[in-house]
Amino acid sequence: MLSDVAAANAIRLLLLTGARRGELLAAQWSDVDLEAGIWTKPGATTKQRTEHRVPLSAAARTLLAKMRSQADDGAEYVFPARGGGHRPHVNAVWIAARKAAKLNGVRLHDLRHTYASVLASAGLSLPVIGALLGHATPITTHRYSHLFDDPLRAATERASAILTGKAPADIVPLERRRRR
């Protein structure tokens, strides 16, 4: 099952974009602007039923560009189904990949949570994370707020080190300015 390159690419893109499975699998090439690096999800495919424009990372754009170059001319869907339309799922490949990686119990939707958790741990704001995920309300994104503890702790430790004179070598201590 791991030889299904399209399904493996879908799994990669789920992790790189934080998209919902249905949004990604229903994506059409006309929704993706590789040059601008924007994926416009039509309202018909989003949970909120509103259009959602998201920037694509360099890694996502590179993968999509490679997929586009290998796609059939005139292909409508990024992940076409054999009988027409778009691919409905990638379950078999996900189960095989999860088993090979010894990630028992990890759901495909957990890739979305991983994406959001990485953003939160990197110190990005909840509104930015919510905008990338297409959340309609801030309360939905709030579940990731506890992940801000690590960058906040690192920041307060850094401030403490400067203020107590125990700063690492990469921090230049504050000097008192003389009044004239």
Side-chain angles (χ1 to χ4, degrees), residues 2-91 93-94 97-98 101 106-145 147-148 150-151 155:
L2 285 175
S3 64
D4 186 342
V5 175
N9 285 340
I11 293 167
R12 287 181 188 100
L13 284 168
L14 288 171
L15 189 57
L16 289 170
T17 64
R20 293 178 181 89
R21 177 188 51 87
E23 294 170 345
L24 182 70
L25 295 178
Q28 296 183 22
W29 285 114
S30 60
D31 302 334
V32 179
D33 183 341
L34 290 173
E35 192 171 314
I38 298 289
W39 173 21
T40 304
K41 301 174 192 175
T45 67
T46 65
K47 187 175 179 180
Q48 297 76 22
R49 297 293 178 215
T50 58
E51 182 179 279
H52 181 214
R53 289 187 71 223
V54 292
L56 295 166
S57 67
R61 287 193 320 268
T62 299
L63 179 55
L64 284 163
K66 181 178 178 184
M67 292 170 58
R68 184 67 184 138
S69 72
Q70 296 171 347
D72 293 336
D73 287 339
E76 181 180 1
Y77 290 98
V78 176
F79 298 99
R82 286 192 176 95
H86 66 81
R87 186 177 191 139
H89 59 77
V90 292
N91 297 346
V93 173
W94 173 245
R98 186 180 69 188
V106 176
R107 302 167 303 143
L108 193 60
H109 191 71
D110 292 333
L111 298 179
R112 180 173 167 81
H113 296 293
T114 299
Y115 176 79
S117 298
V118 167
L119 293 171
S121 295
L124 286 137
S125 69
L126 291 177
V128 168
I129 295 166
L132 287 170
L133 294 175
H135 287 164
T137 64
I139 199 75
T140 308
T141 314
H142 188 69
R143 74 177 70 172
Y144 301 106
S145 63
L147 298 171
F148 284 98
D150 289 342

Ignoring hydrogens, what is the shortest heavy-atom contact between [X] and [Y]? Give both atom names and the distance.
| X | Y | result |
| --- | --- | --- |
| Asp33 | Ala36 | OD1-N, 3.0 Å |
| Thr17 | Trp39 | OG1-CZ3, 4.2 Å |
| Tyr115 | Leu133 | CD2-CD2, 3.8 Å |
| Ile129 | Leu124 | CD1-O, 3.7 Å |

What's the separation between atom [atom1] in [X] and atom [atom2] in [Y], rounded to the nearest 0.5 Å?
| X | Y | atom1 | atom2 | value |
| --- | --- | --- | --- | --- |
| Leu111 | Arg20 | CG | CZ | 14.0 Å |
| Leu14 | Glu23 | CG | CD | 9.5 Å |
| Ile38 | Asp31 | CD1 | CG | 12.5 Å |
| Arg98 | Asn91 | CZ | CG | 9.5 Å |
| Leu16 | Ile11 | CG | CD1 | 12.0 Å |
| His109 | Trp94 | NE2 | CH2 | 12.0 Å |

Taking only distance into account, with no hydrogens and no angle test, what donor-acceptor pairs under 3.5 Å do side-chain atoms of residues 55-65 form with protein atoms, sequence neighbours excluded?
unit_1	atom_1	unit_2	atom_2	d
Ser57	OG	Ala60	N	3.1
Arg61	NH1	Leu56	O	2.8
Thr62	OG1	Ala58	O	2.9

Residue pairs passing the ring pair (Phe, Tyr, Trp, His ring centres under 6.0 Å) test with at least one member in residues 47-89, sequence neighbours excluded, are Tyr77-His86

Would you say CZ of Arg53 has more than 12 non-hydrogen atoms from neighbouring residues, nucleotides or ligands within 6.0 angstrom? no

Are side-chain heavy atoms of Val90 and Leu25 found at a separation under 4.5 Å? yes

Residue pair Arg87 / Asp4, side-chain heavy-atom distance below 4.5 Å: yes

Go through the structure and list residues passing salt bridge (charged side-chain N to carboxylate O under 4.0 Å, His left out) with Asp110, not counting sequence neighbours. Arg107

